[in-house]
Asker: 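Input: one structure, supplied below.
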Amino acid sequence: MALEGPAERRDEGQQGGMANGNGVAPPPSRMAGRPLGAAAYSDRRLRLNPNTEHKPQDYTDVRGEYAPAVYSALERHLPPSLLEADRDVKLHFMRDILARYWPHGERNKVHRHKEYRQKIVHLYKPLHQELYSMHPSAFFLPTFLEAVRTNTEESIASIMTEPIPGVFSFAMLQPNFCDMLLEEVENFEKWVHAMKFKIMRPNTMNKYGAVLDDFGLEAMLNQFMEEFIAPISKVFYPEVGGGTLDSHHAFVVEYGKDRDVELGFHVDDSEVTLNVCLGKQFSGGELYFRGIRCENHVNSETQHEEMYDYSHVPGRAVLHRGRHRHGARPTSSGLRMNLLLWCRSSVFREMKKYQMDFSSWCGECQREKRERQIQCVKATKLAFLRGAGGAMI
C-alpha cells in the first residue's frame, strides 16, 4: 500500500469484526439453547482490570473458534455478579462478547481455516520436533531469559533500548533457534508444494511466508506470548491491553529476490507486535515508524519527532504497539526472514468501544487534547481580563 493511502489492518480474517472498533456494538440477540441466566447479564460491561483473586474455571474441553486460554483470561474481567454463575452462563456471555468481532461470515472463514489447519497437522511431519514445545534456555538468550524471569520493571528495562517512545529493541533469540525455525518453515513450504496444497499466507500484504500456527506451533507460541511477551507488554503497554493479552497470530515473512521486496505503510491487527529478524544474509529492509494512531487518526500527518528507521539484526527483536504506523523499506540484496507475533487482547477491544479519547497512546489525540487545553487557558485568561477591566470601571 502506498504511503499516502489508508493505513489498514493486515489480517484479513479480522477486518469485518473490527470495523466498529470505536462504536457501541448492538446487544447480541437471544440465541436458541442459551441458558436463561445469561440474558440478565447481557448489558453488563467487562471489568477494565482483572480480578486477580478469582480462579477461572477450566475450559480445556470447550471446542470452537477460540482457544480455552481466551475464556480463562476473559473470565477474570467478568462483572462481579457473574463470577459465581454457572460455567455455561459465563461461557455464553463471553461468546456473545467475542462474537461481536467476528460476524457469521467471518466465523465460517475461521471454520474452514480450522479444517485446513487440522488437515496439515495430521499429515505434516515436522523437521525439528523440539520446536513444538517450549524450551526457554534453548530458545532465548540468557540475558533475555534472566530479565523476564526476574520480572521487574528494572530487570526488563535493563535489556531494552528505546530509540523512539514506544519502540523497544533487545537481543532475544538464540542463533540455533533462528536456524531451526528457518529450516522448519522451508521444510513446510517444500512439503506444501509437493502435496499441491494452497498455502494460506500470513496476511493480505505478504505474498510469501507462512502462518506458524497452521502447522502445529500454536501451543508453543501461545506459551511464548503468555510467559515472555506479556510480562514486558504489561510494563510498557498497559494502556492498550498489554497486561491482558490472550490470543495471537504468528507468522514468518520473507523479503528479497523472488520474494516480497518491501512492505507498505500500515498498522497491525494487534495490540502489541513482536518482530524478530531470523536471518539470513541481507541488506536494506529497514522498518520505518511514523507515529501511533487510533482508528480516527490513522491517516493524519506525521510529526518530525515521530519519524524513526530501525535496522534489523538477526536474533534481535523490536516490540511496538500494533497501532504504531510503520512499513518496511526494500530489501536490496540477499534474503531477510522475520518472525512476527501479533498479540491481541479481547478485553481491550471490548473496552475500547466505550472510549472516545485515546490520548494516553494516540499521538494525534494527545495533540488535540493539548490544543483544547491551550484554548481553554486562553479563554479563561480572556474572561478574567474582561472581568478585571469591568471591575476597574
Asker: Would the distance check show the side chain of E306 and the main-chain N or O of Q303 forming a donor-acceptor pair, the cut-off being under 3.5 Å?
Answerer: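 Checking the backbone N and O of Q303 against the side chain of E306, a donor-acceptor pair under 3.5 Å is found.
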Asker: Connecting only ILVMFWY residues whose side-chain heavy atoms lie within less than 4.5 Å of each other, what is the rest of Y208's hydrophobic cluster?
Answerer: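 Members alongside Y208: none; it stands by itself.
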Asker: Tell me if the aromatic rings of F168 and F236 count as close, with their centers under 6.0 Å from one another.
Answerer: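 F168 vs F236: aromatic centres under 6.0 Å.
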Asker: Verify the neighbour count for atom CD of Q281: are there more than 12 heavy atoms of other residues, nucleotides or ligands below 6.0 Å?
Answerer: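 At most 12 heavy atoms, drawn from other residues, nucleotides or ligands, come within 6.0 Å of this atom.
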Asker: Would you please name every residue forming a side-chain contact (heavy atoms from CB on, under 4.5 Å) with L127, sequence neighbours left out?
Answerer: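 side-chain contact (heavy atoms from CB on, under 4.5 Å) check on L127 returns E183, E184, N187.
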Asker: Give the ring-plane orientation class for F228 versus F224, where under 30° counts as parallel, over 60° as perpendicular and anything between as tilted.
Answerer: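 Because their plane-to-plane angle is over 60°, the rings of F228 and F224 count as perpendicular.
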Asker: Taking only residues two or more places apart in sequence, or in another chain, which ones meet T152 in a side-chain contact (heavy atoms from CB on, under 4.5 Å)?
Answerer: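 side-chain contact (heavy atoms from CB on, under 4.5 Å) check on T152 returns T150, E154, S155.
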Asker: When E371 is tested against each of Q373, K369, Q375 for side chain to side chain donor-acceptor pair (under 3.5 Å), which residue passes?
Answerer: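 So the option named by the test is Q375.
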Asker: Linking Ile, Leu, Val, Met, Phe, Trp and Tyr by side-chain heavy atoms under 4.5 Å, what else ends up with I164?
Answerer: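 Reading the cluster by chain and number, I164 sits alongside V167, L287, F289, Y308, Y310, V318.
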Asker: Under the ring-ring contact (aromatic ring centres under 6.0 Å, His included) rule, collect the residues that match up with F177, sequence neighbours excluded.
Answerer: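 Only F139 meet the ring-ring contact (aromatic ring centres under 6.0 Å, His included) criterion with F177.
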Asker: Report the C-alpha separation of F215 and W191 in whole Å, then their side-chain angles, then the decisive distance to 0.1 Å, and conclude whether the ring-ring contact (aromatic ring centres under 6.0 Å, His included) test is met.
Answerer: CA-CA 11 Å; F215 55 96; W191 177 83; 9.1 Å; no
Asker: Would you mind listing every side chain to side chain donor-acceptor pair (under 3.5 Å) that reaches into residues 234-245, with sequence neighbours excluded?
Answerer: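 For residues 234-245, and leaving out neighbouring residues, the side chain to side chain donor-acceptor pair (under 3.5 Å) pairs sorted by first residue read E239-R321, T244-S345.
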Asker: Specify the closest pair of heavy atoms between V211 and M200, including all atoms of both residues, with the distance to one decimal.
Answerer: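 Between these two residues, the closest heavy atoms are CG2-O, 3.8 Å.
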Asker: Please check: side-chain N/O of S169 versus main-chain N/O of T161, any donor-acceptor pairing under 3.5 Å?
Answerer: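 No, the answer is negative, given that no donor and acceptor are paired below the 3.5 Å cut-off.
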Asker: When you measure from the side chain of H324 to the backbone N and O of G322, does any donor-acceptor pair fall under 3.5 Å?
Answerer: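 It does not hold such a pair.
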Asker: Give the intermediate values and the outcome of side chain to side chain donor-acceptor pair (under 3.5 Å) for residues H77 and N51.
Answerer: CA-CA 6 Å; H77 294 266; N51 184 334; over 6 Å; no
Asker: Identify the two heavy atoms, one from P126 and one from Q129, that lie closest to each other, and give their separation to 0.1 Å.
Answerer: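 That closest heavy-atom pairing would be CG-OE1, 3.6 Å.
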Asker: Using only atom types and a distance under 3.5 Å, with no angle test, would you say the side chain of R293 pairs donor to acceptor with the backbone of N299?
Answerer: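 A pair under 3.5 Å: no.
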Asker: Tell me whether D86 contacts the main-chain N or O of D88 through its side chain, where contact means a donor paired with an acceptor under 3.5 Å.
Answerer: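 No, D86 side chain to D88 backbone: no donor-acceptor pair under 3.5 Å.
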Asker: Are any of the side-chain nitrogens in D260 or K207 under 4.0 Å away from the carboxylate oxygens of its partner?
Answerer: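 Looking at K207 together with D260, the answer is no, because their closest N to O distance does not fall below 4.0 Å.
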